[in-house]
Amino acid sequence: MTPVADSSRRSALSAQDVSLCYGRRGSSRTILQNVSLEVRSEEIVCVIGPSGCGKTTLLRLLAGLIAPSAGEVAFRGAPITRPRRELAVVFQDYTKALLPWRTVTDNIALALESRRVPRHEHQTLIDPLLRQVGLDRHADFFPAQLSGGLQQRLQIARCLAQQPSVLLMDEPFGALDAMTREVLQDEIMRLSVASRTTIFFITHDVEEAIYLGDRVVALAPNPGRIAEIMDIDLPRPRNQLTTRETPSFLRCRHHLRELLYTLAA
Amino acid sequence: MTRLPRGLALPIAALIAWETSGRTLFQPTDTLTRPSAMAAALVQAGMDGSLVQATAETLAGAAIGFLIASVLGTAAGIVLGSSRILGGVAGPTVELLRPIPAVALIPLGLLIFGFGVRMEVMTVAFACLWPVMTVASAAVKGIDPRLIEVSRTLEIGRLEQALKFILPSIFPRLFVGLRLAAGVALVVAVTVEIAANPQGLGYRLILAQQNLRPDLAFGLLTWIGCLGWVLNRGLVGVERRYFWRFAPAKRNA
């Protein structure tokens, strides 16, 4: 990916000098301070940082779930004032983000219903999604009957059914075992290429951030602010075994881990 | 159903003791009766149609009032539970109206509606409204905010949000409120009939008392008790049969 191609791409999401404070004047707490960030179309941007640095808050701002105290968040140049279907959010706590009374199929259908897709077209749209995330044998299961990995796949499938241009993912694989996590990482990268989706991905795992990202944003805590933005020049498609062993990957990992140790200290 | 026989032991033993003591120790009087006489009186009332008619009248009054209260109470509970502003505005008024005994509305109901089903239905509805509304609004406040955020990211409208997210989420707790209200409905319907409305089982009870028929009065009491039990079992059955999937999800790792 050359810098020329990058600069020619449109901005998908942007934060301009965004700050967020809680509480009234006097006793207010600053969660994020003067964060400026641009996520380009079809890019994968990963965010890492010590806990309490405002990663999730930044995602919620970009999703339109909360409004900044100062500055502006924008989607394709237009201010974000409320959540919208083009910005799909994959929450970390998938159990709470699924409707337990709806089957796998019906949970995905929720996104179609919100798009006012006629009911008779649902099945033809849901079937490929089920195959894509590997849930085709679980179409009539309820979420509680699925393993954590499958539940998170279901949430991702529902988000894809929104036909979003951006996927905002908040530590989506944090609660999953290592093997499932790596399989889902590869699936997410495949999806981003296939459906040309922009991805904003929060993680506490440095390796995951490097493996997935075109760029990695490191946040510093107290108050949350951008410490560094690092370009990841690893070739794609990436491979769980070989990519993670390349000198370039290890250099990135060394640098970012060093940075995180400094930030957390 | 294995627990049922054990639960039936006590009432059956009581009935047998009552029957035998009534036959050996006491003579039937204006106030005392025997289970066999109660059963005979009930059967007779059943044969001449008066029991069926009275039951239908009471159940209709209770059921219609209960349904009105269920719909209104659930809707109001959802609105008051989801909006902190509206909840704050309406809360004190609700707390002011709620302690009014439904029975105290009978004179007013008589003035407005006169004798008949409408007065009974409105009194029952008033009494049932509060448990449903209180439970619904508390349940709405207990919904995980994440679920609401999902509906927001999908740009789902307020009404759709209430029907597809909020209502199913509160079903398990709402059902507890509905069962409470169903019990209240039967109590209030019979009370209204005893106090004012010349129809239904309550009125039959008053007639039995005025005609010095303790057998019929006790029989009707037993009958009303059975109705309440069947009503509750029916609601539990409906909940298990149709609403099992709304039970809170277990977390799978």
Side-chain angles (χ1 to χ4, degrees), chain A residues 56 59-60 62-66 80 82-103 106-116 141-152 154-155 158-159 161-164 166-168 170 175-177 180, chain B residues 74 77-78 81-85 135-136 138-178 235-253:
Chain A
T56 298
L59 179 135
R60 292 168 63 79
L62 291 171
L65 285 166
I66 47 176
I80 300 169
R82 57 179 177 82
R84 44 202 301 174
R85 264 197 303 280
E86 284 157 297
L87 311 173
V89 182
V90 178
F91 293 101
Q92 178 181 15
D93 43 4
Y94 40 78
T95 313
K96 292 177 178 172
L98 299 169
L99 304 191
W101 55 85
R102 283 186 177 228
T103 62
D106 291 343
N107 261 288
I108 299 175
L110 192 67
L112 303 178
E113 291 163 23
S114 77
R115 285 170 47 206
R116 305 270 172 248
F141 282 47
F142 286 95
Q145 296 171 298
L146 303 176
S147 67
L150 292 181
Q151 289 188 27
Q152 191 57 293
L154 173 54
Q155 197 192 175
R158 188 182 65 202
C159 284
Q162 283 175 243
Q163 296 201 326
V166 182
L167 268 179
L168 299 156
D170 186 5
L176 304 176
D177 64 274
T180 311
Chain B
T74 305
I78 288 179
S82 13
S83 159
R84 200 177 296 174
I85 298 170
V135 168
V140 169
K141 285 179 193 150
I143 294 179
D144 195 286
R146 180 72 72 238
L147 212 57
I148 304 302
E149 283 174 5
V150 169
S151 80
R152 289 178 63 206
T153 58
L154 288 168
E155 293 188 74
I156 282 174
R158 277 286 172 149
L159 181 65
E160 220 177 332
Q161 184 191 64
L163 291 176
K164 289 183 179 171
F165 286 77
I166 297 178
L167 194 57
S169 301
I170 66 171
F171 262 140
R173 289 180 69 183
L174 184 63
F175 241 95
V176 177
L178 291 181
L235 279 175
V236 172
V238 166
E239 183 178 10
R240 290 212 185 123
R241 175 79 179 73
Y242 296 103
F243 294 93
W244 55 272
R245 60 164 78 171
F246 299 100
K250 287 171 227 86
R251 190 185 172 89
N252 280 7

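It should be emphasised that the depicted structure is a prediction, and the values quoted were computed from it without experimental measurement. A, B, ... follow the sequence lines: proteins, then strands. Residue 1 opens every chain.
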Proximal component of B:F165, with respect to chain A [non-hydrogen, under 4.5 Å]
both
Side chain, backbone, both or neither: which part of B:L154 has an atom under 4.5 Å from a heavy atom of chain A?
both
Between A:D177, A:L150, A:L87, A:L110, which shows the greatest number of heavy-atom pairs under 4.5 Å with chain B?
A:L110
Would you mind reporting whether A:F91 and A:Q155 have side-chain heavy atoms less than 4.5 Å apart?
yes
For B:F175, run the side chain to side chain contact (heavy atoms under 4.5 Å, CB included) check against B:V238, B:V135, B:V236, B:I170 and tell me which one passes.
B:V238
Heavy atoms, side chains only, cut-off 4.5 Å: are B:T153 and A:L65 in contact?
yes
Under 6.0 Å from the CZ atom of B:R158, do we count more than 12 heavy atoms belonging to anything else shown?
no
Can you tell which part of B:S151 gets under 4.5 Å to a heavy atom of chain A, answering side chain, backbone, both or neither?
neither
Drop me the distance from A:T95's OG1 to B:D144's CG, to the nearest 0.5 angstrom.
10.0 Å
If one checks every heavy atom of A:A63 against chain B at 4.5 Å, the contacting part turns out to be neither
Which atoms of A:R82 come close to chain B, meaning under 4.5 Å heavy atom to heavy atom: side chain ones, backbone ones, both, or neither?
side chain
